[in-house]
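Here is how names work: the chains are called A, B, and so on, in the same order as the sequence lines, proteins then strands, and each is numbered from 1.
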Amino acid sequence: VNWDPVDQTVLANEQVIDGRGWRSDAPVERRKLAQWFFRITAYAEDLLQSLENDLERWPAKVRLMQENWIGKSRGAFIDFAIEGRSKNSPEKLRVFTTRPDTLDGATFLALSPHHPLATELAASDPKLTAFIAECDRVGTSEAAIELAEKKGYRTTLAGKHPYLPTGLPVFVANFVLMDYGTGAIFGVPSGDQRDLDFARKYELPVIETYRPLDSRDPTPDEIERYQAKFDENPVVSIGNGTKRESLFHIARTAFVDKSDTQKVRYTAAGFMKEREVTPIVAIEKAIEWLEKNGHGEGTIQYRLRDWGVSRQRYWGCPIPVIHCEACGIVPVPMDQLPVELPEDVTFDKPGNPLDHHPTWKHVACPTCGGNARRETDTFDTFMESSWYFARFCSPRAPTPTERSDVDYWLPVDQYVGGVEHAVLHLLYARFYTRAMRAGGHVAVDEPFEGLFTQGMVCHETYRDEAGNWLLPQEIERTGEQAVTIDGNRPVEIGRSEKMSKSRKNVVDPANIIEVYGADTARWFMLSDSPPERDLEWTESGVEGAWRFLQRVWRMVDDAADALPPANRDGVGAAMPADLSAAATELRRATHKTIKGVSEDIARFHFNKAVARIHELVNRLQAENSSDAGIHHARREALESLTLLIQPMVPHLAEELWSRLGHQTLLAADVAWPVAEAALTIDEAVTIAVQVNGKLRATIELPRDTASNEAEAAALADPAVQRAMEGKAARKVIVVPNRIVNVVV
RNA sequence: GCCCCUGUGGCGGAAUUGGUAGACGCGGCAGACUCAAAAUCUGUUGCUCGCAAGGGCGUGGGAGUUCGAGUCUCCCCGGGGGCACCA
């Protein structure tokens with residue numbers, strides 16, 4: 001773990017900045033601590049499989065992020081015989097590799113500084129002890145790793161290659177991780193850039209294992225030039241004990257290719273007869289050979305690590321465990337749960353207040369009654385969010401869940417959240433649900449059937465000449481420039497970013513609601529951009545939304561008195577049988593809008609739904625017919641409009657409903673409108689006519705006009721004839737109700 | 001470094017999934033109303049040549065497939081995100 005020696009607490013990777021604690025600025029150490037973990041790795045395969053099979057309504061991006069995070073790798077354990085070891089160390093060193101096919105090129109072995117063998121060697125080697133301590137001082141942050149040099153310490157041990165005479169010196173190396181694979185690796189400089197860099201540094205040979213099929217052998221001239229360049233670190237190639245020529249193409253760049261389609265040529269490959277195969281095939285051949293000859297076995301490794309849930313914090317749920325000298329670790333008995341936090345804690349010194357508390361941690365052992373110590377670590381904050389949805393189904397139940405309730409409600413039909421939880425909350429909750437299933441608390445595997453990841457709200461950033469961040473209301477914009485409101489100091493306009501308190505690019509919803517009302521704020525947010533994308537908050541955009549809502553109100557208010565009486569039961573009045581053409585056209589517009597908006601909302605395309613509503617309003621305002629039927633059609637249109645905007649602007653919609661003469665409550669009493677199918681289809685269609693793929697005319701035809709008639713109509717169009725320049729049509733493509741393309 | 005997404009007017013974004021590119025909104029321009037302004041309304045608004053009629057060009061760049069490409073394929077460039085001593 002990352003340990004902050006000043007604050008005396010574990011830090012998450014995100015809280016380590018340039019190798020130092022984010023608050024204390026002290027160099028972070030790596031420390032081995034007794035911590036509680038949840039064995040999420042036991043579900044690695046299950047979690048991975050369900051990503052593909054059970055989460056169709058999750059965004060592909062989130063599924064991919066989880067897939068990468070779980071990080072499944074097919075590979076092999078290889079056991080190398082070790083020479084020069086002490087009597088009680090194991091005979092063989094086991095390494096993990098995803099590329100057993102490159103075994104020919106192995107020229108060294110490397111251990112993690114925390115590998116048991118390294119620890120053992122360090123006991124009698126002060127220099128190695130110092131080297132390991134140095135490795136520990138380097139933080140685990142990205143920046144620290146970037147800066148850290150790849151360093152190795154050459155031990156007196158040597159590994160034996162399974163079938164080649166190559167000697168394999170054993171290093172302890174700072175870049176080998178203890179918690180992935182076996183904590184030991186074999187190095188293949190020709191097939192891995194990092195191994196190549198390492199080989200250069202410690203003057204290890206580079207042995208080719210495979211090369212592109214189309215590569216040729218180097219000419220003597222090239223070898224000479226190559227040798228001149230790298231004479232201090234010669235590249236040699238040995239296959240089956242026979243000396244080969246130097247390999248210029250791996251001089252500086254390792255050849256790393258793991259294609260499952262592209263074959264490569266293996267230059268030696270003692271584990272198979274074939275020479276030209278894909279690496280994927282070669283990997284399986286190598287595993288076969290290892291297993292048959294007792295040098296190792298095929299395996300699958302995951303990058304996913306167990307979930308460390310211990311926190312040295314006061315604000316958390318105490319981990320319900322008691323440590324007893326005599327009985328070991330004892331769970332707190334059911335009847336003593338929940339363990340409650342003491343309220344008389346102090347925060348006057350660094351570290352965990354629960355640990356400092358004079359009495360809280362001293363308890364009797366539930367098993368033997370002797371003196372025992374309560375666990376003072378608390379659970380990670382992600383614990384609670386991992387199962388709240390199950391608890392919410394029956395919040396007052398005496399048990400964690402009530403099966404009849406969770407069976408009824410779960411899984412969650414539609415979950416909405418930010419993508420930043422892709423490999424935090426969303427992964428933990430999936431794991432936790434599986435654990436709850438195993439414990440009989442729920443019956444489902446997956447907590448969230450559908451997932452929608454919405455974007456962030458963004459705003460421009462502003463700073464004064466001193467570099468201080470300014471709130472949007474502290475500045476005044478004029479075109480491209482901006483000045484402070486008070487002192488007319490110049491303001492630098494920065495790029496738009498996710499709203500945050502630290503950058504002050506926030507807009508207080510209370511102000512917006514005060515000036516424009518909540519309906520306007522909602523309407524703008526929904527209309528501006530698709531919800532999965534970031535939203536750029538702009539004053540002018542809000543103004544526009546506000547203007548539109550004013551327009552809708554005026555339109556309904558002006559029209560209401562001339563309409564036929566409202567239908568007490570709901571939408572619309574009975575339509576007269578002999579509707580005018582204009583009225584029918586208006587009805588079509590209404591019903592097409594109902595259909596479109598309903599579909600858009602179901603697909604989360606709120607901005608498109610808003611656009612359609614705009615179109616209907618524009619259409620209604622342009623309507624200037626005055627026959628009797630139009631008033632019926634208008635009532636239907638206005639009431640439908642009111643219903644369609646209700647989910648987005650509920651206050652306005654309720655007012656409109658009332659103004660339209662209704663006594664009922666729109667939100668509670670009135671059903672969502674249903675489009676009449678016959679009215680959602682136009683009788684005439686506009687068909688585009690192309691000549692050689694270029695648009696030359698559009699023609700109006702009745703819907704479903706026969707292809708030969710559409711063709712004739714297209715060819716008769718003067719603009720089309722002009723474009724054809726008197727030539728005969730060689731070919732005419734007709735797509736019904738859509739397009740006619742004339743090829744001349 | 002590896003993996004993924006993305007690129008459309010001045011801006012946010014549409015485009016029935018291979019069939020009229022730019023819906024709708026913001027912004028701009030012109031006009032009406034007004035003593036004037038605000039508000040509102042009308043028209044116009046991809047670029048370009050043209051008095052006009054009418055052309056030409058156009059979805060980051062280049063090639064390809066197709067009667068037809070924003071949409072499909074390949075290469076390149078830009079932007080964003082995820083992972084990262086993972087052997």
Side-chain angles (χ1 to χ4, degrees), chain A residues 13 59-69 71 73 75 95-100 102 110 112 138 140 142 144-146 148-150 173-177 179-188 191-195 197-198 256 258 301-305 419-420 422-423 523-524 527-530 533-545 547-548 550-551 554 596 599 605 607-618 621-622 686-699 719 722-723 729-744:
Chain A
N13 276 355
K61 179 190 169 74
V62 174
R63 293 201 309 241
L64 186 70
M65 280 167 74
Q66 291 207 356
E67 190 184 317
N68 292 339
W69 188 261
S73 293
V95 305
F96 171 70
T97 179
T98 56
R99 300 303 303 272
T102 63
S112 161
V138 178
T140 52
E142 188 183 322
I145 286 161
E146 198 76 37
E149 213 182 330
K150 311 286 175 275
N174 64 349
F175 61 87
V176 181
L177 302 172
D179 49 7
Y180 184 76
T182 63
I185 60 162
F186 74 91
V188 182
D192 183 285
Q193 190 58 44
R194 194 183 45 213
D195 290 352
D197 297 343
F198 195 82
V256 185
K258 194 178 168 182
Q301 296 287 304
Y302 299 91
R303 226 183 51 107
L304 182 69
R305 293 175 205 176
V419 74
E420 69 274 14
V423 290
W523 186 258
F524 166 63
S527 67
D528 186 66
S529 44
R533 247 183 263 187
D534 286 348
L535 170 77
E536 175 65 20
W537 188 276
T538 62
E539 294 303 316
S540 58
V542 180
E543 284 275 355
R547 273 204 304 266
F548 176 75
Q550 297 293 320
R551 217 173 115 205
R554 276 199 312 272
E599 287 168 0
H605 294 170
N607 57 327
K608 285 159 70 179
V610 166
R612 281 184 209 278
I613 291 167
H614 270 280
E615 283 177 294
L616 181 62
V617 169
N618 291 344
Q621 293 205 303
T686 306
I687 290 177
V689 185
Q690 298 180 333
V691 177
N692 287 337
K694 283 190 180 233
L695 180 74
R696 295 299 175 185
T698 57
I699 50 176
R722 209 181 316 125
R730 282 193 299 156
K731 192 176 172 189
V732 180
I733 290 109
V734 181
V735 181
N737 297 327
R738 203 147 285 173
I739 202 163
V740 176
N741 189 10
V742 182
V743 186
V744 295

Next item on the list: Tell me the partner of U16(B), counting only Watson-Crick (N1-N3 plus N6-O4 or O6-N4) or G-U wobble (N1-O2 and O6-N3) with both under 3.5 Å; none if nothing fits.
Entry: none
Next item on the list: Please work out if Arg533(A) contacts a base, only the sugar-phosphate, or nothing of the nucleic acid, heavy-atom cut-off 4.0 Å.
Entry: sugar-phosphate
Margin query: Heavy atoms from C-beta onward define the side chain here; which of G13(B), C24(B), A84(B) lies closest to that of Pro530(A)?
Written below: G13(B)
Next item on the list: Name the closest nucleotide to the Ser529(A) side chain, picking from C83(B), C3(B), G13(B).
Entry: G13(B)
Notebook entry, point to check: Closest heavy-atom contact between Val62(A) and Ala422(A)?
Noted result: CG1-CB, 4.0 Å
Check: Considering only C24(B), G13(B), G56(B), which nucleotide approaches the side chain of Arg696(A) most closely?
Finding: G56(B)
Item checked: Closest listed nucleotide, where the reference is the side chain of Thr698(A) and the choices are C24(B), A14(B), U20(B) -> U20(B)
Check: Between A87(B), G82(B), G13(B), which nucleotide gets closest to the side-chain atoms of Arg194(A)?
Finding: A87(B)
Check: What nucleotide, of G81(B), A84(B), G13(B), holds the atom closest to the side chain of Lys61(A)?
Finding: G81(B)
Next item on the list: Using the C1' atoms only, state how far U17(B) lies from C2(B), rounded to an integer number of Å.
Entry: 31 Å
Next item on the list: May I ask you to decide whether Asp197(A) forms a salt bridge with Lys150(A), counting only side-chain N to carboxylate O separations under 4.0 Å?
Entry: no
Margin query: Within the 4.0 Å heavy-atom criterion, would you say Val176(A) contacts the bases, only the backbone, or no part of the nucleic acid?
Written below: base
Margin query: Nearest to the Ile733(A) side chain among G19(B), G55(B), C86(B), which nucleotide is it?
Written below: G19(B)
Note to self: Taking the minimum atom-to-atom distance to the side chain of Gln690(A), which one of C85(B), G19(B), C86(B) wins?
What the structure shows: G19(B)
Notebook entry, point to check: What's the verdict on side-chain contact (heavy atoms from CB on, under 4.5 Å) for Trp537(A) and Asp528(A), showing C-alpha distance, side-chain angles and the deciding distance?
Noted result: CA-CA 9 Å; Trp537(A) 188 276; Asp528(A) 186 66; over 6 Å; no
Check: According to the Watson-Crick and G-U wobble definitions, with both distances under 3.5 Å, which nucleotide is paired to A69(B)?
Finding: none
Next item on the list: Kindly assign one of parallel, tilted or perpendicular to the pair Trp523(A) and His614(A), based on the angle between their ring planes and the thresholds 30° and 60°.
Entry: tilted
Next item on the list: Would you kindly say whether Asn692(A) and Arg730(A) are connected by a side-chain donor-acceptor distance under 3.5 Å?
Entry: no
Notebook entry, point to check: Under 4.0 Å between a side-chain N or O of Arg612(A) and OP1 or OP2 of A14(B)?
Noted result: no
Notebook entry, point to check: What pair of heavy atoms forms the shortest contact from Ala729(A) to Val744(A), and how long is it?
Noted result: CA-CG1, 4.0 Å
Next item on the list: Give the nucleotide from the list C41(B), A15(B), A23(B) with an atom nearest to the side chain of Arg554(A).
Entry: C41(B)
Notebook entry, point to check: Is the phosphate of A15(B), meaning OP1 or OP2, less than 4.0 Å from a side-chain N or O of Lys608(A)?
Noted result: yes
Check: Would you say the side chain of Lys731(A) and the base of C67(B) hold a donor-acceptor pair, judged only by whether the two atoms sit under 3.5 Å apart?
Finding: no
Notebook entry, point to check: Which residues, if any, of residues 737-744 of chain A bring a heavy atom under 4.0 Å of RNA chain B?
Noted result: Arg738(A), Ile739(A), Asn741(A), Val743(A)
Next item on the list: Report the base-pairing partner of A23(B) (Watson-Crick or G-U wobble, both distances below 3.5 angstrom), or none.
Entry: none
Checklist line | Pairing nucleotide - A52(B), Watson-Crick or G-U, each distance under 3.5 Å | finding: none
Notebook entry, point to check: Mind checking who C2(B) pairs with, Watson-Crick or G-U wobble, both distances under 3.5 Å?
Noted result: G82(B)
Check: Between U20(B), G25(B), A87(B), which nucleotide gets closest to the side-chain atoms of Ala688(A)?
Finding: U20(B)
Notebook entry, point to check: Under 4.0 angstrom, heavy atoms only, what part of the nucleic acid is Arg305(A) near: base, sugar-phosphate, or nothing?
Noted result: base
Notebook entry, point to check: Under a 3.5 Å cut-off for both distances, is U40(B) Watson-Crick or wobble paired, and to whom?
Noted result: A32(B)
Check: Distance between the P atoms of U59(B) and G54(B), in whole angstroms?
Finding: 25 Å
